[in-house]
Q: 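Before I ask anything, here is the structure I am working with.
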Amino acid sequence: MLQAATTAPGNPSSLHWAGRAARRIVDDARDRLAAFVGTESGSVVYTSGGTEANNIAIHTVLTSSSPGRIVTSAIEHPAALKPLEQFVADHPEWELVKVRPDASGAVTIESMAAAINDETRLVCLMYANNESGALQPIAGVAAICRQKTIPMLVDAVQMLGKKSLSFSELGIDFMTLSAHKIGGPKGVGALLVRRGVKLKELTPGGGQERGRRSGTENVPAIAGFSAALGKLDFTVCEPIRDLFEKELCQRLARVEVVSQQTERTPNTSLVILPGLDGETLLMQLDLAGFAVASGSACSSGKREPSHVLLAMGLSELKARSSLRVSFGPQSSREDALALVEALVVADQRLKKMAGLAA
Ligand code: PLP
């Protein structure tokens, strides 16, 4: 990124040497990303991240179709759910169907097929859930969409680099990616578009990205996204994640591991610690130097339990007792064991405090 910022300071649309150097960096990055996700370079449109990429795809389809049904899952990231909900709120003649997952955290092909009817204008399904890591049946749903010629958007933000994926093999219209989930910089991502699909710009302007996403490309961030692709190795996470879960369940027998019974991304662990509050636990772990997430998200000062866990059928109480741990290629077995130890200590401390308060 530093090299891109210093040796290629130009605007990639400029014709002079500094611009051409920047253009080369963007073109090389595009070729590498396209090869990595099994598509042609012309399919890659750089964006400011997964949120923008989802919004462009949704805007493209919904503003060029007659009113009808949108089929999605109840466990999408807000970066897909919010624009869909907002569109339907503004256009009440449209219908949004959110398919619930089963208890494992994945929607079934059958439940998606039952929701997709002749009025369906868009199917939007994430590849891997960001809270549980549960993989969704993308290939099966893509086959239904191909057969019915319904545009499909796959939010693959959590899937990139975790398991292999091929955009062209799926035969879908759109796939979205983000760099910061693979150790790249924040604020850059990509929308993959099937050849022949014309995008509707959210930000009309100078016509960059072949008229598909205006605004000068963020060259250092694109270079960083590309560099992160070259360093990817999430396979090393799986045995460490599994060790963490095994040790934790041994030490605290009441712990439940979410989505353990289905295929998951190798780096994610979502655990329920009944009787404990996820957010309080998070703060205790933070003091001990661990950066983990609680399943619940804090919005406008009000703590909401995770919509993913609620959609899976968990009670509010359980949903508030969840903790999400993401392992990275740098995580070690010692880290996993130290985290288990810190959780046991936090559990004892919180129990003692609850006892004192009672
Ligand atoms: N989709 C999923 C599944 C995500 O997990 C995220 C980010 O956490 C996004 C979309 C949004 O991506 P970005 O932060 O690049 O806008």
Side-chain angles (χ1 to χ4, degrees), residues 29 33 37 44-59 72-86 98-99 101 105-107 122-138 141 152-163 165 167 172 174-192 202-203 213 215 217-218 220-222 224-226 228-229 234 237 258-259 263-270 291-299 304 306-309 311-312 322 324-328:
L33 178 59
V37 295
V44 179
V45 178
Y46 280 111
T47 66
S48 64
T51 305
E52 187 195 343
N54 279 348
N55 273 271
I56 298 174
I58 289 168
H59 176 72
T72 189
S73 82
I75 57 169
E76 296 302 300
H77 189 275
L81 270 188
K82 286 277 161 71
L84 293 175
E85 287 169 351
Q86 192 178 310
K98 297 181 203 166
V99 175
V107 295
L122 173 67
V123 172
C124 173
L125 184 61
M126 65 193 340
Y127 219 136
N129 183 262
N130 49 301
E131 292 186 25
S132 66
L135 302 197
Q136 307 301 313
I138 292 299
V141 177
M152 181 172 180
L153 159 62
V154 172
D155 176 338
V157 165
Q158 293 288 342
M159 184 68 169
L160 181 65
K162 312 289 167 52
K163 304 243 173 189
L165 59 87
F167 177 63
I172 55 173
F174 309 100
M175 183 177 275
T176 55
L177 309 169
S178 179
H180 68 101
K181 301 296 172 194
I182 58 165
K186 283 148 276 280
V188 63
L191 170 61
L192 309 181
L202 277 180
T203 51
R213 194 271 188 181
E217 293 89 344
N218 185 345
I222 289 171
F225 189 178
S226 188
L229 284 176
F234 277 94
C237 298
V258 177
S259 295
E263 200 183 349
R264 287 182 290 165
T265 44
N267 62 318
T268 306
S269 181
L270 181 60
V292 297
S294 86
S296 60
C298 192
S299 59
E304 297 287 354
S306 146
H307 71 288
V308 174
L309 292 173
M312 286 170 67
S322 64
R324 177 161 45 105
V325 183
S326 301
F327 294 89

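When a residue number appears, it is its place in the shown sequence, counting from 1. Counting starts at 1 for both ligands and their atoms, following the listed order.
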Q: Any idea which protein heavy atom is nearest atom 1 (N) of ligand 1, and the distance to it?
A: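 For atom 1 (N) of ligand 1, the nearest protein heavy atom is D155 OD2, 2.6 Å.
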Q: Please confirm whether K181 comes under 4.0 Å of ligand 1, counting heavy atoms of the residue only.
A: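 Distance cut 4.0 Å: K181 passes for ligand 1.
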Q: Which of the atoms of ligand 1 are close to M126, meaning less than 4.0 Å from one of its heavy atoms?
A: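 Reading through ligand 1 atom by atom, the close ones are 3 (C).
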Q: With only distance considered, is V157 within less than 3.5 Å of ligand 1 through an N or O on each side?
A: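 Not met; the criterion fails.
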Q: For H180 and ligand 1, answer yes if some heavy atom of the residue is under 4.0 Å from a ligand atom, otherwise no.
A: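 H180 counts as a contact of ligand 1 under the 4.0 Å cut-off.
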Q: Is there a donor-acceptor pair under 3.5 Å between the side chain of E76 and the backbone N or O of M126?
A: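 Flag set: sc E76 to bb M126 pair under 3.5 Å.
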Q: Taking atom NZ of K82 as the centre, does the number of heavy atoms from other residues, nucleotides or ligands within less than 6.0 Å exceed 12?
A: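 Result for NZ/K82: open.
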Q: Knowing that exactly one of N130, T51, N54 qualifies, which makes a side chain to side chain donor-acceptor pair (under 3.5 Å) with D155?
A: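 Going through the options one by one, the only one that passes is N54.
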Q: If I compare all heavy atoms of L81 with all of A74, which pair ends up nearest, and what's the gap?
A: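 Scanning both residues, the minimum pair turns out to be CD1-O, 4.2 Å.
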Q: State whether the shortest distance between N or O atoms of S178 and N or O atoms of ligand 1 falls below 3.5 angstrom.
A: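 Yes, S178 has an N/O under 3.5 Å of an N/O on ligand 1.
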Q: Verify side-chain contact (heavy atoms from CB on, under 4.5 Å) between M175 and Y127, making sure each step is shown before the conclusion.
A: CA-CA 9 Å; M175 183 177 275; Y127 219 136; 4.1 Å; yes
Q: With heavy-atom distances below 4.0 Å as the criterion, list the atoms of ligand 1 near N130.
A: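 Answer for ligand 1: 5 (O).
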Q: Closer than 4.0 Å to some heavy atom of Q158 - which atoms of ligand 1 meet that?
A: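 Those of ligand 1 that fall under 4.0 Å from Q158 are 3 (C), 4 (C), 5 (O).
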Q: Under a 3.5 Å distance rule, please check whether T72 uses its side chain to pair with a backbone N or O of C124 as donor and acceptor.
A: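 Yes: the side chain of T72 pairs with the backbone of C124.
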Q: With heavy atoms only and a cut-off of under 4.0 Å, state how T51 meets ligand 1: side chain, backbone, both or neither.
A: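 Under 4.0 Å from ligand 1, T51 contributes backbone and side-chain atoms.
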Q: Got an N/O contact under 3.5 Å between S48 and ligand 1?
A: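 No, S48 has no N/O under 3.5 Å of an N/O on ligand 1.
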Q: State, with a plain yes or no, whether a side-chain heavy atom of S322 is found less than 4.5 Å away from one of L270.
A: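 Side-chain contact under 4.5 Å: yes.
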Q: Can you report which non-hydrogen protein atom sits closest to atom 4 (C) of ligand 1, along with the distance?
A: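 For atom 4 (C) of ligand 1, the nearest protein heavy atom is H77 CD2, 3.2 Å.
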Q: Please walk me through it: do I222 and E217 pass side-chain contact (heavy atoms from CB on, under 4.5 Å)?
A: CA-CA 8 Å; I222 289 171; E217 293 89 344; 3.8 Å; yes
Q: Verify, without hydrogens or angle tests, whether Q136 (side chain) and G105 (backbone) share a donor-acceptor contact under 3.5 angstrom.
A: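 It does hold such a pair.
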Q: Looking only at protein heavy atoms, identify the closest one to atom 13 (P) of ligand 1 and say how far it is in Å.
A: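 In this structure, atom 13 (P) of ligand 1 has G50 N, 3.4 Å as its nearest protein heavy atom.
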Q: For E76, which part has a heavy atom under 4.0 Å from ligand 1: side chain, backbone, both, or neither?
A: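 Near ligand 1, E76 shows nothing, with every heavy atom at 4.0 Å or more.
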